[in-house]
Amino acid sequence: STSRDTIENTYSVQVEKSTILNPQITLSSYGVSANADITITFTTGAIGALNINTDKIYINFSTGFSLPTSISASSIKVNNITVLHVYRHSYSIDITTPVNIPVNSLVTVTIDKSAGIKSPSAIGSYKISVYTTKETTPIESETFNIVALPTTTAIVSPSKPNGNNEYYITAPKVTLS
């Protein structure tokens, strides 16, 4: 003989989409048109595990950044491991992860200045966004500012050594402006 439940149960379930968390960008120079080292960090979310040589990290740069026609994979690292594949689009790059990355883990992407990515040529506030093949919603970084950096010129008087063997007889005066 079989029996059957006759009580109906109703449950409310809310399903939330997993996203990466807290993307941050650091540049070695925040000057206009700077060819700088770039460090991007973020944390994977609850379903954000990334598989080696399969999953990708997508980085979208603000309009104004200048990306070269091609980017050498050897100029990019994920968690200190050099990547094997990187694809460049107008203002974004796709990086195939060279390492397994667990859920809820800190990820550090370093892009060496030899990649040739230049900061915008206009002073202003900018953001990047990051997402992955597992967590597909682009999440923006906090705003960072690109600024005009001061320049300094050194003037030496007399402009050339006035003694033998490139020595100064008169003590040179150096003026910075």
Side-chain angles (χ1 to χ4, degrees), residues 13-152:
V13 177
Q14 182 176 347
V15 177
E16 293 187 20
K17 192 172 190 175
S18 179
T19 64
I20 67 147
L21 305 170
N22 198 27
Q24 296 181 7
I25 182 170
T26 305
L27 306 174
S28 61
S29 172
Y30 290 91
V32 294
S33 300
N35 187 13
D37 295 318
I38 302 168
T39 301
I40 298 163
T41 59
F42 64 93
T43 302
T44 56
I47 63 163
L50 300 176
N51 297 310
I52 187 172
N53 296 328
T54 302
D55 288 314
K56 292 184 179 183
I57 299 167
Y58 302 94
I59 302 169
N60 297 321
F61 293 90
S62 296
T63 301
F65 271 86
S66 175
L67 278 64
T69 304
S70 65
I71 297 174
S72 171
S74 65
S75 65
I76 301 175
K77 293 182 179 182
V78 174
N79 291 352
N80 289 321
I81 306 295
T82 302
V83 304
L84 299 176
H85 305 286
V86 60
Y87 301 97
R88 175 233 182 240
H89 304 283
S90 295
Y91 291 103
S92 66
I93 57 175
D94 306 352
I95 301 164
T96 303
T97 182
V99 61
N100 286 320
I101 300 171
V103 299
N104 302 317
S105 294
L106 180 64
V107 179
T108 302
V109 177
T110 54
I111 305 171
D112 189 87
K113 63 182 164 187
S114 66
I117 298 174
K118 290 189 177 185
S119 63
S121 59
I123 296 169
S125 297
Y126 297 89
K127 293 181 180 184
I128 61 155
S129 64
V130 180
Y131 63 101
T132 70
T133 48
K134 297 288 177 65
E135 296 173 307
T136 59
T137 302
I139 304 297
E140 288 187 333
S141 69
E142 291 187 16
T143 301
F144 58 95
N145 294 315
I146 298 298
V147 299
L149 297 177
T151 57
T152 303

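For this chain, numbers begin at 1 and follow the sequence in order.
With values rounded to the nearest 0.5 angstrom, Phe42 atom CZ is found 11.5 Å from Asn22 atom CG. If you take CZ on Phe144 and CD1 on Ile25, they are separated by 4.0 Å, rounding to the nearest 0.5 Å. To the nearest 0.5 Å, atom CG of residue Asn53 and atom CG of residue Leu84 are 5.5 Å apart. Note that NE2 of His85 and CD1 of Ile95 are 13.0 Å apart. Values are rounded to the nearest 0.5 Å.
At least one donor-acceptor pair under 3.5 Å links the side chain of Ser119 to the backbone N or O of Gly31. A donor-acceptor pair is defined here as one N or O able to donate and one able to accept, closer than 3.5 Å; such a pair exists between the side chain of Ser141 and the backbone of Ile128. Under a 3.5 Å cut-off, the side chain of Ser62 and the backbone N or O of Tyr126 do not form any donor-acceptor pair. Looking at Ser105, its side chain does come within 3.5 Å of a backbone N or O of Val103 through a donor-acceptor pair. For Ser18 (side chain) and Ala46 (main-chain N/O), a donor-acceptor pair under 3.5 Å exists by modelled atom type. Checking side-chain atoms of Glu140 against main-chain N and O of Lys127 turns up no donor-acceptor pair under 3.5 Å.
Across all their heavy atoms, Ile52 and Asn100 have their closest contact at N-OD1, 2.8 Å. The nearest pair of heavy atoms linking Pro23 to Val130 is CB-CG2, 4.1 Å. When all heavy atoms of Glu135 and Thr19 are compared, the pair lying nearest together is OE2-O, 3.3 Å. Shown here for Pro98 and Ile81, the closest heavy-atom pair between the two residues is CG-O, 3.4 Å. A pairwise comparison of heavy atoms in Asp55 and Lys134 identifies OD2-NZ, 3.2 Å as the closest pair. For Ser33 against Lys118, the heavy-atom pair with the smallest separation is O-CD, 4.0 Å.
Test Ile76, Asp94, Ile57 against Val86 for side-chain contact (heavy atoms from CB on, under 4.5 Å) and you get one pass: Ile76. Partner of Tyr58 under the side-chain contact (heavy atoms from CB on, under 4.5 Å) criterion, out of Thr133, Thr136, Ile93: Thr133 alone. Here the rule is side-chain contact (heavy atoms from CB on, under 4.5 Å) with Tyr131, and of Ile20, Ile59, Asn60 only Asn60 fits it.
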Practice prompt. Begin with the C-alpha distance, continue with both residues' side-chain angles, and end with the deciding distance and a verdict on side-chain contact (heavy atoms from CB on, under 4.5 Å) for Tyr91 and Thr63.
Written response: CA-CA 7 Å; Tyr91 291 103; Thr63 301; 3.9 Å; yes

Item to complete: Give the C-alpha distance, both sets of side-chain angles, the deciding distance and a yes or no for side-chain contact (heavy atoms from CB on, under 4.5 Å) between Ile146 and Leu27.
Response: CA-CA 10 Å; Ile146 298 298; Leu27 306 174; 3.9 Å; yes

Worksheet entry | Val78 vs Ile101, side-chain contact (heavy atoms from CB on, under 4.5 Å): CA-CA, chis, key distance, verdict | CA-CA 10 Å; Val78 174; Ile101 300 171; 3.9 Å; yes

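Taking the ring-ring contact (aromatic ring centres under 6.0 Å, His included) definition, one finds that Phe61 meets it with Phe65, sequence neighbours left out. Every side-chain hydrogen bond (donor to acceptor under 3.5 Å, both in side chains) that Ser72 has, sequence neighbours left out, goes to Ser74.
Atom CG of Asn145 sits in a crowded spot, with more than 12 heavy atoms from other residues, nucleotides or ligands closer than 6.0 Å.
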Donor-acceptor pairs under 3.5 angstrom involving side-chain atoms of residues 106-115: please list them, not counting sequence neighbours.
| unit_1 | atom_1 | unit_2 | atom_2 | d |
| --- | --- | --- | --- | --- |
| Asp112 | OD2 | Ser114 | N | 2.8 |
| Asp112 | OD2 | Ser114 | OG | 2.8 |

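Residues Pro68 and Ile117 form a side-chain contact, since some pair of their non-hydrogen atoms from C-beta on lies under 4.5 Å apart.
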